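Worksheet for the structure shown next.
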Amino acid sequence: MKKRCCLILVILFVALVGCEKANNKTTAPTDSSESSSESEQIEVTDITENTDNTEAAEDTENRQDHKDYMSGDVDIDESINSNLKIGDGEEFQFAEWVDEEKTVFHIALQFIEQPENEYQHSRDYLFVKDKDGSIISFDVDYPSKKDYGADRYVNDACGFDVQYMDVNFDGEKDILIFLGYITTAGSYHNCAYIYQDGDFVYTPSFEQIACFELLEDEQLIEGSYNSGGEHVVQKYEYQDGEFVMVSEERESY
């Protein structure tokens with residue numbers, strides 16, 4: 001009888017131990033799942049923080065780029081914000097005041113990837129303070145090197161330099177942009193935007209004048225170049241919105 005009771009007690013003890021172990025096994029996955037969830041939440045938080053930091057860095061970089069092409073003049077900067085359009089495939093190249101009086105502000109753009117056999121420089125923006133305080137703005141683009149003879153055709157060694165001077169002797173300053181050298185003729189050329197009634201008008205006829213020189217006393221512009229063993233000197237007069245040749249001299253050398 002005593003042996004039978006002891007045996008029963010042993011069986012009950014083993015059964016209780018087995019149940020406890022089983023309970024421990026069923027609760028383990030719940031703990032693991034909670035740990036995994038906490039880990040995922042931490043990882044998501046880290047990714048969000050990194051994204052915010054990246055966006056903040058990009059915003060800062062954009063603001064810095066924006067400052068690069070701002071003039072510091074309130075009126076001109078307002079015009080820049082309204083009119084400057086950087087196209088797809090373009091980027092800011094440089095910005096500068098053209099004159100000491102800080103009347104003309106120049107922004108140069110370039111292609112992000114330089115086209116084959118072309119200049120990387122793409123366009124120019126000009127912002128000019130007019131006499132009444134208003135801002136005149138316009139942009140200038142250039143043809144492909146394949147289009148020889150086209151308006152504003154860019155020759156060799158061109159730096160796209162901008163000048164602000166009166167070239168038609170009317171007392172108003174005009175905009176000139178350097179178009180490079182024609183090495184075979186030993187000449188250089190510019191395109192001209194002539195001031196007229198609060199605007200700058202593109203005037204293609206100025207591009208025919210090589211190595212221009214202003215003759216103030218005569219109110220003429222002189223151009224010179226070499227051709228076929230001759231040195232050619234031409235004089236131009238501004239008539240009815242165009243530069244017209246009025247004389248030509250040739251001298252052999």
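If you're wondering where the values come from, they're calculated on a predicted model, not measured in any experiment. Numbers for residues simply follow the sequence, beginning at 1.
Under the salt bridge (charged side-chain N to carboxylate O under 4.0 Å, His left out) criterion, the residue pairs touching residues 203-218 are E218-K235, with sequence neighbours excluded. Within the structure, every pair that satisfies the salt bridge (charged side-chain N to carboxylate O under 4.0 Å, His left out) test and touches residues 239-253, not counting sequence neighbours, is listed here: E230-R250, E248-R250.
Between Y181 and Y188, the ring-plane angle classifies as perpendicular under the 30° and 60° cut-offs.
Residue Y225 is not grouped with residue L215 when hydrophobic side chains (ILVMFWY) are merged at heavy-atom distances under 4.5 angstrom, including chains of intermediate members. Clustering ILVMFWY residues whenever any of their side-chain heavy atoms sit less than 4.5 angstrom apart, transitively, puts V128 in a cluster other than the one holding V201. Under a hydrophobic-cluster definition in which Ile, Leu, Val, Met, Phe, Trp and Tyr are linked whenever side-chain heavy atoms come within less than 4.5 Å, directly or via other members, V140 and I86 are assigned to different clusters. Clustering ILVMFWY residues whenever any of their side-chain heavy atoms sit less than 4.5 angstrom apart, transitively, puts Y119 in a cluster other than the one holding I182.
A donor-acceptor pair is defined here as one N or O able to donate and one able to accept, closer than 3.5 Å; no such pair exists between the side chain of N83 and the backbone of K85. Judged by distance alone, with hydrogens and angles left aside, the side-chain atoms of Y153 form a donor-acceptor pair with the main-chain N or O of K145 at under 3.5 Å. Not one N or O on the side chain of S134 forms a donor-acceptor pair closer than 3.5 Å with the backbone of D130. Checking side-chain atoms of D147 against main-chain N and O of P143 turns up no donor-acceptor pair under 3.5 Å.
N81 places a side-chain heavy atom less than 4.5 Å from the side chain of M70. Contact annotation: the side chain of I177 never approaches that of N190 to less than 4.5 Å [non-hydrogen atoms, C-beta and beyond]. With a 4.5 Å cut-off on side-chain heavy atoms, F105 and D77 do not count as touching.
Annotation: side-chain hydrogen bond (donor to acceptor under 3.5 Å, both in side chains) contacts of Q120 (sequence neighbours excluded): none. Listed by chain and residue number, R123 satisfy the side-chain hydrogen bond (donor to acceptor under 3.5 Å, both in side chains) test with D139 (two or more places apart in sequence, or in another chain).
With respect to F138, the ring-ring contact (aromatic ring centres under 6.0 Å, His included) criterion is satisfied by exactly one of Y125, Y193, Y195: Y193.
A salt bridge links D141 with R152: the closest approach of a Lys/Arg side-chain nitrogen to an acidic carboxylate oxygen falls below 4.0 angstrom.
If you take NZ on K173 and OG1 on T103, they are separated by 6.5 Å, rounding to the nearest 0.5 Å.
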Donor-acceptor pairs under 3.5 angstrom involving side-chain atoms of residues 107-116: please list them, not counting sequence neighbours.
{"from": "Q110", "atom 1": "NE2", "to": "E91", "atom 2": "OE2", "distance (Å)": "2.8"}
{"from": "Q114", "atom 1": "NE2", "to": "E118", "atom 2": "O", "distance (Å)": "2.8"}

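Other residues sharing a hydrophobic cluster with L176 under the 4.5 Å side-chain heavy-atom criterion for ILVMFWY residues are M165, V167, F169, I194, F206, I209, F212, L214, I221, Y236, Y238, F243, M245.
Atom NZ of K146 has 12 or fewer heavy atoms from other residues, nucleotides or ligands within 6.0 Å.
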